[in-house]
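Structure first, commentary second.
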Amino acid sequence: MLSVEKLSIQSDEVNLLSPISFELNLGKIVGVIGASGSGKSLLASAILGDIPKGFTRGGNVTFCSDNSGDSDGLAASVALAAQSATVLDPLRTVMTQLLRRAKLTTQRKAKSTKTMIQNQNTQLINKQIGRCYPHQLSGGMAKKALLAQASWQQTDYILADEPCCGLDYQSAQALYAHLGYLAKQEGRGVLVISHNLKQLLSVADEILVLQEGQLVDRTTPDKIISGMSHPYTLALWQAIPANWHKERVEYAEVA
Ligand SMILES: Nc1ncnc2c1ncn2[C@@H]1O[C@H](COP(=O)(O)OP(=O)(O)OP(=O)(O)O)[C@@H](O)[C@H]1O
C-alpha cells in the first residue's frame with residue numbers, strides 16, 4: 001500500500017496543497033479530479049518528492065515494497081506517466097529510451113524485462129511509435145509512449161497524469177483499458193489524474209476531488225452516481241452532458 005499522510009506544499013505566502021491523506025492499494029485505481037490549477041499534478045510530483053523551488057513539503061509518503069525506505073526505493077516502486085512529452089529524451093527513439101529506462105528500473109523479478117515488454121508491446125507501442133523520435137509523435141502517440149514508459153518500469157505503483165487528455169474517444173478507451181489491465185491483471189496500484197469524470201467513473205475504485213489545492217471529497221463512483229457526494233463533486237457530476245437537467249442518472253446511462 002502507498003500511504004499518503006497529510007501531504008502538503010506551502011511557502012510563507014501561499015498554500016499550493018493543503019494536507020491531503022489517502023491510500024493507494026495494489027490492484028486498485030484511484031482517480032483524481034479537479035479544475036485546472038487545483039493541484040492534481042502537484043499532488044503526483046509531491047508524492048515523488050519533487051516540489052517547486054521555494055516551497056516546502058509537509059506530511060509523509062510511505063509504501064510497502066521490497067525497496068521501501070530509501071530514495072532509490074521510491075524510484076523503483078513508483079513511476080510517473082507525465083502529462084507532457086517534454087520529459088522524453090529528444091535525442092533517442094521512443095523504443096530505445098523506453099527499453100533503457102525499463103532496464104534501469106525494473107523491479108519485479110517474476111518476469112524478465114524482455115518477456116514483460118513482449119507482452120505489453122502490442123498494447124501500447126507498435127513499431128511505428130517505437131521508431132519515432134519524440135518530436136515525430138502525434139499527441140495520442142506521445143500519450144501511449146508516456147504510459148508505456150511508466151508501465152515498463154514494472155513498479156508497484158503508477159501515477160498517470162492526464163494520460164488521455166486530448167485523445168479521441170476510442171484512443172482514450174484503449175488507454176483506460178490498459179490502466180485497468182495494469183491494476184486488475186498485474187496487481188499494481190494506479191493513480192489516474194483526469195479532467196474527465198465520466199471516464200474516471202468507469203475505471204476508478206475511489207475518486208479524490210481537489211478544489212483549489214484542497215481535498216474536498218474522497219468518494220467512490222457508486223456514491224457519486226447515487227448523489228451522495230460533496231456539493232462540488234455533485235456539480236462536476238451534473239456538468240456531464242448526459243446529466244444536464246437531471247437530478248439522478250443511473251450508471252448505465254453514463255458509462
Ligand atoms: N513551480 C511552481 N511554482 C509556483 N506555483 C506553482 C508551480 N507549479 C504549479 N504551481 C501552482 O500550483 C497550482 C496547482 O498546479 P497543478 O499543475 O498541480 O494544477 P493541475 O490541477 O494539475 O492543473 P491542470 O489540470 O491544468 O494540469 C496552480 O495554482 C499553479 O499555478
Side-chain angles (χ1 to χ4, degrees), residues 1-26 28-65 67-90 97 101 104-105 107 134 142-143 145-147 149-151 153-165 179 188-195 200 204 206-218 232:
M1 178 174 77
L2 179 82
S3 175
V4 173
E5 223 179 310
K6 296 182 180 169
L7 187 64
S8 64
I9 301 179
Q10 61 217 50
S11 69
D12 290 341
E13 286 108 41
V14 64
N15 257 356
L16 291 183
L17 216 55
S18 297
I20 289 179
S21 301
F22 69 95
E23 293 86 38
L24 177 60
N25 288 296
L26 293 173
K28 298 288 180 189
I29 298 180
V30 172
V32 182
I33 193 154
S36 289
S38 58
K40 303 181 298 296
S41 296
L42 277 180
L43 174 63
S45 51
I47 288 171
L48 292 164
D50 181 16
I51 55 165
K53 216 172 176 185
F55 288 83
T56 53
R57 188 183 94 157
N60 288 310
V61 176
T62 52
F63 56 95
C64 296
S65 161
N67 298 299
S68 62
D70 53 48
S71 54
D72 285 350
L74 185 69
S77 297
V78 187
L80 175 69
Q83 191 173 358
S84 159
T86 53
V87 299
L88 296 174
D89 183 342
Q97 61 186 290
R101 178 75 83 90
L104 284 174
T105 55
Q107 174 202 1
K143 288 292 180 190
L146 291 165
L147 185 55
Q149 186 184 56
S151 60
Q153 291 174 51
Q154 293 295 287
T155 53
D156 281 335
Y157 306 98
I158 292 178
L159 315 178
D161 193 353
E162 303 272 12
C164 302
C165 183
L179 291 171
R188 308 209 225 170
V190 180
L191 184 90
V192 191
I193 294 170
S194 176
H195 281 110
L200 281 188
E206 188 178 18
I207 295 180
L208 310 177
V209 184
L210 294 189
Q211 188 181 21
E212 296 179 12
Q214 294 194 36
L215 179 63
V216 294
D217 204 4
R218 187 178 164 187
Y232 184 66

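The first residue in the sequence is number 1, and the count goes up from there.
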Evaluate the side-chain proximity of L210 to I20: yes if any heavy-atom separation is below 4.5 Å, no if none is. yes
Excluding sequence neighbours, so at least two apart, what forms salt bridge (charged side-chain N to carboxylate O under 4.0 Å, His left out) with R218? E23, E206
In Å, rounded to the nearest 0.5 Å, how long is the span from OH of Y232 to CD of Q214? 12.0 Å
side-chain contact (heavy atoms from CB on, under 4.5 Å) filter on I207, not counting sequence neighbours, yields I33, L197, L200, L201, A204, V209, T219, P221, I224
For Q83, what residues pass the side-chain contact (heavy atoms from CB on, under 4.5 Å) criterion, not counting sequence neighbours? S41, K143, D161, E162
Could you tell me whether the side chain of V78 reaches within less than 4.5 Å of the side chain of T155, counting heavy atoms only? no
Side-chain contact test, heavy atoms from C-beta onward, threshold under 4.5 Å: evaluate it for L2 versus I47 and give yes or no. yes
Sub-4.5 Å side-chain heavy-atom contact between L147 and L179: yes
Which side chain to side chain donor-acceptor pair (under 3.5 Å) pairs, counting each pair once, include a residue from residues 3-13, with sequence neighbours left out? S8-Q10
Of all residues at least two apart in sequence or in a different chain, which pass the salt bridge (charged side-chain N to carboxylate O under 4.0 Å, His left out) check with D50? none
Once you round to the nearest 0.5 Å, how far does CG of L24 lie from CG of L26? 7.5 Å
Less than 4.5 Å apart, side chain to side chain, heavy atoms only: is that true for V32 and F22? no
Listed by chain and number, what are the side chain to side chain donor-acceptor pair (under 3.5 Å) partners of T62, not counting sequence neighbours? none
Indicate the atoms forming the closest heavy-atom contact of I51 with R57, along with that distance. CD1-N, 3.6 Å
Just so I know, are the side chains of Y157 and V190 near enough to count as touching, which here means a heavy-atom distance under 4.5 Å? no
Looking only at non-hydrogen atoms, find the nearest pair between A79 and Q153 and report the distance. CB-OE1, 3.8 Å
Contact summary for L7 and A46, nearest pair of heavy atoms: CD2-CB, 3.8 Å
Whether the side chain of K40 engages the backbone of A35 through a donor-acceptor N/O pair (distance < 3.5 Å, no angle test) should be reported. yes
Can you name the residues that form a side-chain contact (heavy atoms from CB on, under 4.5 Å) with L42, not counting sequence neighbours? I9, L16, S45, P52
Can you name the side chain to side chain donor-acceptor pair (under 3.5 Å) partners of T56, sequence neighbours left out? none
Partners of N60 by side chain to side chain donor-acceptor pair (under 3.5 Å), sequence neighbours excluded? none
Nearest 0.5 angstrom please: Q211 CD to S18 OG, how far? 11.5 Å
For A145 and L88, which heavy atoms make the closest approach, and how far apart are they? CB-CD1, 4.4 Å
Interatomic distance, D89 atom CG to Q97 atom CD [nearest 0.5 angstrom]: 5.0 Å
